[in-house]
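Below you'll find the structure, written out as structure tokens, and then a few comments.
In the text below, chain A, chain B and the rest are named by the order of the sequence lines, each starting its count at 1.
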Number of protein chains: 2
Amino acid sequence: MTRKSGVALWRQIADQIRQAIGAGTLGADGRLPTEMALSERFGVNRHTLRSAIAALVQEGVLRAEQGRGTFVESRQKLSYPISARTRFSTGLREQTRERRSILLADAVEAAGSRVAEALGLAPEAPVIRLETLSEADGRPVSRATSWFDAERFPGFAQIYAETGSITLGFQHFGIEDYFRKSTLVSARHADTADLADLRLSAGAIVLVARAINIDTAGVPVQYAETRFVADRVELSVSTEA
Amino acid sequence: MTRKSGVALWRQIADQIRQAIGAGTLGADGRLPTEMALSERFGVNRHTLRSAIAALVQEGVLRAEQGRGTFVESRQKLSYPISARTRFSTGLREQTRERRSILLADAVEAAGSRVAEALGLAPEAPVIRLETLSEADGRPVSRATSWFDAERFPGFAQIYAETGSITLGFQHFGIEDYFRKSTLVSARHADTADLADLRLSAGAIVLVARAINIDTAGVPVQYAETRFVADRVELSVSTEA
DNA sequence: TTCGTTTGTATAGAACAATAGACAAATAAA
DNA sequence: TTTATTTGTCTATTGTTCTATACAAACGAA
């Protein structure tokens, strides 16, 4: 616990508890130690610890019952596979009951330098941008921004809005299969807009995956920047020959 | 900017500036806007903004000169490749002038459940644990904890301490080549010990890679949990067929 | 019921964060 | 040299966070 670091003690403790629950080192039996025990373990006042618990209750990680104790509401981390055939829906099929993706917004715009380079287009070429939110079992998992060549895929947004599936969108344009070429993974604090969409509290961490998908001919068809909730998802990379 | 969120405004601003510098959207010319301009942009008092800058100066990201302005000290993010042949030294060779790894501590202990499973050993089997720190161009890049089968690799720590290389350590035991089997990537706030080793300030984010390396016969030889400084490194995953 | 345990609420003081205004010190340009 | 610009220091005030103590309310077991 670091004091006067710009991060309140209660928030540092909330982060540690959330992480320990994910790692299974705390509340593995579904029940948290008492407030007294935890406040002693962290070396803080009971009220400070209560602030941490309150934040986690707000997030839906814990549930507190007067007179009984504090309980773990959701534990398991999802493992999102990254491979040549990465798909949102199939990747989480066995770990979740229900998955869905929602189109938040779409636009046609001129490609920025990063997007143009990733898609192999001329700078300022027209591209379709999709803002999407993916949920699993009713809880937000990731928030993505995707770009597509507007000349090759006119009306992609419309089709995606109806089907909720990138794969089906591509099929409409005669692309039966596509592959993940490369993925850059970084991490940062969620920005204000993502905090709201992903229903997180300030200071939450997102894993950022910047990915390029290609068709069977090796031509880039999609560039996407996906922000995963770091507390709910880990990325699984398989590099076996 | 979120107030009373448990994260001080100056720290939120420091995080944003650090990130904007990494993305090239701020200080691309090596020079930061004035304190007045920045405090207006973020909608805070100049003193609050100064706290953010002071933190970044402390981290070595910025350099402030009285009467002249504030300047960017280090910008470029390192791109750490994750593939079947992941090696620390070779992976960063073209992006850095100088790289080194330091052995901080080592021990022989009984394998925990996660380690035993990863290495394919019996629970409580004896394993060697290495605590290492990797630097590039004099700045800490990652902090790793590695485990090896103590029966197969007796004295591995000693050899690593002398050579600073995992690859050379394996060669000593007749392993000419080894491969990355799988990598699990997650992100979290750095814990207190890592903050000190990696010379970070509180609230810093680390990318956590949990990796299994195998020999040419497919037998696991190393399990490692590496914490990368998220502001200085991104992971590059290539999944092309 | 009675008792011990546990979470919930209230109040007050000390430490830290954020705002405000004023001025000093260094730099660069007129 | 003079002036404008920019970072550095100081003091004061207000709001948030943390600590300390006390007691209420709900639960479960004796």
Side-chain angles (χ1 to χ4, degrees), chain A residues 1-17 21 26-27 29-73 189 192 201-203, chain B residues 1-17 21 26-27 29-73 189 192 201-203:
Chain A
M1 294 303 95
T2 330
R3 281 160 206 255
K4 67 172 170 182
S5 62
V7 184
L9 281 175
W10 64 264
R11 176 150 290 288
Q12 295 183 54
I13 291 169
D15 288 339
Q16 275 198 245
I17 292 177
I21 289 172
L26 204 63
D29 55 346
R31 171 189 198 116
L32 220 61
T34 68
E35 295 177 347
M36 279 300 286
L38 283 174
S39 61
E40 276 179 33
R41 180 191 305 195
F42 287 108
V44 297
N45 190 274
R46 183 178 150 233
H47 291 298
T48 309
L49 187 115
R50 276 177 62 73
S51 300
I53 289 181
L56 294 173
V57 168
Q58 185 69 24
E59 281 179 41
V61 175
L62 295 178
R63 169 176 41 87
E65 293 181 27
Q66 188 168 7
R68 304 213 322 123
T70 309
F71 304 88
V72 177
E73 192 77 355
H189 287 115
T192 327
S201 47
Chain B
M1 293 301 96
T2 330
R3 283 160 205 257
K4 68 173 173 180
S5 62
V7 184
L9 281 176
W10 64 264
R11 177 150 289 288
Q12 295 182 54
I13 292 168
D15 288 340
Q16 277 199 244
I17 292 177
I21 288 172
L26 204 64
D29 55 346
R31 162 181 207 125
L32 220 61
T34 68
E35 295 178 348
M36 279 299 285
L38 282 174
S39 60
E40 277 180 34
R41 180 189 306 192
F42 287 108
V44 297
N45 190 274
R46 184 180 149 230
H47 288 81
T48 308
L49 187 114
R50 276 178 62 75
S51 299
I53 289 182
L56 294 173
V57 167
Q58 185 68 24
E59 280 179 41
V61 175
L62 296 177
R63 170 176 41 88
E65 293 182 27
Q66 187 167 10
R68 303 215 322 126
T70 309
F71 304 88
V72 176
E73 192 77 355
H189 287 114
T192 326
S201 48

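To the nearest angstrom, C1' of dA26(D) lies 12 Å from CZ of Phe71(A). In this entry the distance linking CZ of Arg11(B) with P of dT17(D) reads 16 Å, nearest Å. Between Leu56(B) atom CG and dT7(D) atom P there is a gap of 14 Å when expressed in whole angstrom units. For the pair Arg63(B) CZ and dT6(D) C1', the computed distance is 15 Å after rounding to whole Å. For the pair Met36(B) CE and dA22(C) P, the interatomic distance rounds to 13 Å; values are reported in whole Å. The distance between atom CD of Glu35(A) and atom P of dA25(D), rounded to the nearest whole Å, is 17 Å. dC18(D) atom C1' lies 10 Å from atom CD1 of Ile13(A), rounded to whole Å. Counting to the nearest Å, the C1' atom of dA25(C) and the CZ atom of Arg50(B) are 12 Å from each other.
For Gln66(A), the listed nucleotide lying nearest its side chain is dA26(D); candidates were dT19(D), dG8(D), dA26(D). Ranking dA18(C), dT19(D), dT6(C) by closeness to the Leu9(A) side chain, first place goes to dT19(D).
Nearer the 5' end of DNA chain C, as judged by each residue's closest nucleotide, is the contact made by Arg46(A), out of Thr48(B) and Arg46(A). Comparing Leu49(A) and Glu65(A) against DNA chain D, the residue whose closest nucleotide sits nearer the 5' end is Leu49(A).
Looking at His47(A), its side chain has no donor and acceptor atom pair within 3.5 Å of the base of dT11(C).
Within 4.0 Å (heavy atoms only), Thr70(A) reaches sugar-phosphate atoms of the nucleic acid but no base atom.
Distances shorter than 4.0 Å separate none of the side-chain N or O atoms of Arg68(A) from OP1 or OP2 on dT5(C). Put simply, Asn45(A) has no side-chain N or O that comes within less than 4.0 Å of OP1 or OP2 on dC18(D).
Under the side-chain hydrogen bond (donor to acceptor under 3.5 Å, both in side chains) test applied with His189(B), the options Arg11(A), Gln12(A), Gln16(A), His189(A) reduce to a single match, His189(A).
Screening residues 52-62 of chain A for salt bridge (Lys or Arg N to Asp or Glu O under 4.0 Å), with sequence neighbours left out, gives Arg18(A)-Glu59(A).
Residues satisfying the side chain to side chain donor-acceptor pair (under 3.5 Å) criterion with Gln58(B), sequence neighbours excluded, are absent altogether.
Here Ile53(B) contributes atom CD1 and Thr70(B) contributes atom OG1; the two are 4.5 Å apart, rounded to the nearest 0.5 Å.
Of all heavy-atom pairs between Trp10(A) and Ala52(A), the closest is O-CB, 3.2 Å.
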